[in-house]
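A short worksheet on the structure shown next.
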Amino acid sequence: MNLLVASGVVAFAMAWAIGAQDVSNALGTSVGSKALTVRQAIVVGAVFEFLGSLMGGAVATTISQGVISPFVLQVRLTDRRKAVLNG
């Protein structure tokens with residue numbers, strides 16, 4: 001149970017940090033050009049990061065299914081093992 005709680009805390013911290021990085025990249029130009037104040041950027045970032053988290057997992061699905069076939073990766077690793085073992 002302790003491992004589960006610790007994993008949850010680490011996952012939450014990582015999601016928080018990644019979200020903060022996304023917001024800084026997306027809104028840094030707006031603040032730098034004085035189109036938004038820092039306070040406005042924080043509010044806009046909070047609203048849209050929260051809404052984005054509710055929109056679904058299309059990116060995760062694409063990465064897990066559409067980028068590379070696990071079979072291809074497995075075949076390549078098997079070929080490398082054979083090459084290493086056979087010299």
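Both V23 and L51 sit in one connected hydrophobic cluster of ILVMFWY residues. Membership requires side-chain heavy atoms under 4.5 Å apart, directly or through other members. Cluster membership check: L36 shares its hydrophobic cluster with V47, using side-chain heavy-atom separations under 4.5 Å among Ile, Leu, Val, Met, Phe, Trp and Tyr.
When hydrophobic side chains of Ile, Leu, Val, Met, Phe, Trp and Tyr are connected at separations under 4.5 Å, M14 ends up clustered with V10. Cluster partners of V31, using a side-chain heavy-atom cutoff of under 4.5 Å among ILVMFWY residues and allowing indirect links, are V38, I42.
Here CZ of F48 is found 9.5 Å from CG of L27. Values are rounded to the nearest 0.5 Å.
When every heavy atom of S30 is checked against every heavy atom of S33, the shortest pair comes out as O-OG, 3.3 Å.
T37 pairs by the side-chain contact (heavy atoms from CB on, under 4.5 Å) definition with R39, Q40, not counting sequence neighbours.
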